[in-house]
There are 2 protein chains.
Amino acid sequence: MSSVSETCQPANVTIDHRKGPRRRGDALYAAIFEATLDELTEVGYAELKMERVANRARASKGSLYRRWSSRAELVADAVHHTLPGCGEAPDTGSVREDILGGLRGFAKLLNGPSGEAVRGLMAETIRDPDLMEVVRTRFVEPGVNVFLDVLRRGAVRGEVRPSALTTRIASVGPELLRQYFLAHRSPVPDQVLVEIVDEVIMPLIRI
Amino acid sequence: MSSVSETCQPANVTIDHRKGPRRRGDALYAAIFEATLDELTEVGYAELKMERVANRARASKGSLYRRWSSRAELVADAVHHTLPGCGEAPDTGSVREDILGGLRGFAKLLNGPSGEAVRGLMAETIRDPDLMEVVRTRFVEPGVNVFLDVLRRGAVRGEVRPSALTTRIASVGPELLRQYFLAHRSPVPDQVLVEIVDEVIMPLIRI
DNA sequence: GTGCCATCGGAACGCAACGTGCTCTAGCCT
DNA sequence: AGGCTAGAGCACGTTGCGTTCCGATGGCAC
């Protein structure tokens with residue numbers, strides 16, 4: 001390594017960023033979010049420590065605590081800003097396929113880092129009940145609207161009884177899935193989704 | 001205090017139980033369980049500390065860790081041994097009333113210390129996924145059988161379609177209730193139970 | 001009754017992560 | 001160019017965990 005030009009960074013010295021390139025604003029936010037998602041994926045919510053995230057993002061603990069007062073807020077923000085929204089409902093022309101497709105998309109999210117986030121945030125609601133509203137607003141309610149749209153289209157086609165077009169009925173699928181997710185190890189088997197659809201939702205919305 | 005008879009306990013001295021009355025076996029178990037339930041009720045799972053339980057039970061941390069390797073195991077055992085079982089299903093002759101009664105009993109449990117325990121144990125499953133099976137075995141499955149019995153009686157009376165006599169359908173009520181409980185502050189309003197029954201379960205099991 | 005010993009209560013310990021405060025410095029703005 | 005905001009790194013006090021040690025005790029065998 002002695003032949004390395006002095007314009008190159010030596011490989012085995014710890015860079016002290018008090019005298020190194022230093023990020024601010026959006027670049028720093030993005031780096032912290034990325035580090036948070038990576039930690040969430042690699043070690044899970046329980047082992048996600050503020051210091052680990054800071055080191056991974058090449059940031060300081062102070063920079064984290066200046067923006068988020070707790071691990072829960074950091075994770076909620078990171079997942080919210082990085083992940084795609086709940087997306088659009090599929091539109092296959094069949095209520096059963098649409099609902100199954102919606103649940104599969106939801107399950108795919110739960111089986112990734114945002115599932116870890118939901119698990120972790122639900123756990124933190126013990127210490128901070130205010131988090132319940134955050135979880136509902138960001139992770140629960142958006143999903144319900146997708147299913148409500150599916151039911152509306154099904155009602156137009158005559159597949160769904162009109163009195164089934166309620167928030168509560170649209171929530172049944174996601175809620176049963178979420179409950180299964182919280183009570184079992186990941187990933188959620190596809191067979192569970194099929195059973196929820198065929199055994200519960202289809203009989204529930206039939207004319 | 002010099003006039004106090006030596007057969008009386010002085011009121012304001014700290015008793016060192018290295019030389020005081022000392023319990024063993026069942027008496028000690030009972031005292032620890034009682035202290036755990038009291039802490040669960042008064043400060044909740046999040047603030048339940050092993051040292052607080054030990055002091056409250058007039059026991060030592062060592063005695064606790066000799067029996068349970070973690071707070072979660074202690075709480076699970078304490079609730080399981082102290083609380084009544086899920087009880088019997090009501091039998092009013094009406095499926096709707098039976099289910100509503102069953103859900104009300106379940107909600108009453110959730111609104112007490114065993115609800116705190118469920119919340120806390122669900123939270124701990126992040127660190128110890130094995131706890132999921134404990135929660136399911138002790139707090140979830142027993143409830144389902146109650147509702148399955150209700151459905152069977154309803155089917156005999158012709159109130160329930162026979163194809164609805166499945167574990168999954170019997171679980172819908174408890175699962176929706178549990179999901180609501182986890183996502184909102186206690187206590188669960190009775191109106192929620194009524195809506196679950198009238199908007200979801202009754203349409204689902206109709207002939 | 002007497003002695004034994006598993007178990008108790010109490011206290012101290014090392015450990016890990018939290019959240020904060022301090023110093024020095026880089027980057028932006030005027 | 002100079003000043004000010006904000007970031008990096010480090011050290012600290014705090015809390016709760018789970019363990020270990022010590023002296024004491026109460027039930028049991030004899």
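Just so you know, these numbers come straight off a predicted model, no measurement behind them.
A perpendicular orientation is assigned to the rings of B:Trp68 and B:Tyr29, their planes being inclined by more than 60° (bins at 30° and 60°).
Between the CZ atom of A:Arg67 and the P atom of D:dT5 there is a distance of 16 Å, given to the nearest Å. Distance CZ (A:Arg58) to P (D:dA8): 8 Å, rounded to an integer number of Å. We find that CD1 of B:Ile32 is positioned 12 Å from C1' of C:dT7, with the value rounded to whole Å. Separating the CG atom of B:Leu74 from the P atom of D:dC17 is a distance of 11 Å, rounded to the nearest angstrom. With rounding to whole Å, A:Tyr65 atom OH is found 16 Å from D:dA8 atom C1'. Whole-Å rounding puts the A:Leu48 CG to C:dA16 P distance at 18 Å. Distance CD (A:Glu51) to C1' (D:dA8): 13 Å, rounded to an integer number of Å. The separation between A:Arg127 atom CZ and C:dG19 atom P is 10 Å, rounded to whole Å.
A 4.5 Å side-chain heavy-atom check between B:His184 and B:Val192 finds every atom pair outside the cut-off.
Here C:dC18 is the nucleotide among C:dC18, C:dC8, D:dA8 with the atom lying nearest to any side-chain atom of A:Lys49. The side chain of B:Arg66 lies closest to C:dT7 when the candidates are D:dG9, C:dT7, C:dC18.
As judged by a 4.0 angstrom heavy-atom cut-off over every strand, B:Arg52 is placed among residues making no nucleic acid contact. Residue B:Ala54 is out of contact with every strand shown, counting any heavy-atom pair closer than 4.0 Å.
Between B:Glu47 and B:Arg24, the residue whose closest nucleotide on DNA chain D is further toward the 5' end is B:Glu47. With DNA chain D read from its 5' end, the first of the two nearest nucleotides for B:Arg23 and B:Ser69 is the one closest to B:Ser69.
With hydrogens and angles left out, the side chain of A:Arg22 and the base of C:dT25 share a donor-acceptor pair within 3.5 Å. With hydrogens and angles ignored, a donor-acceptor pair closer than 3.5 Å exists between the side chain of B:Lys61 and the base of D:dG18.
In this model, the phosphate group of C:dG9 is approached by a side-chain N or O of B:Ser63 to a distance below 4.0 Å at OP1 or OP2.
Using modelled atom types and a 3.5 Å distance limit, the side chains of A:Arg161 and A:Ser163 yield a donor-acceptor pair. Using modelled atom types, one finds no donor on one side chain facing an acceptor on the other under 3.5 Å when comparing B:Arg127 with B:Ser70.
Here OG1 of B:Thr125 is found 10.5 Å from CZ of B:Arg136. Values are rounded to the nearest 0.5 Å.
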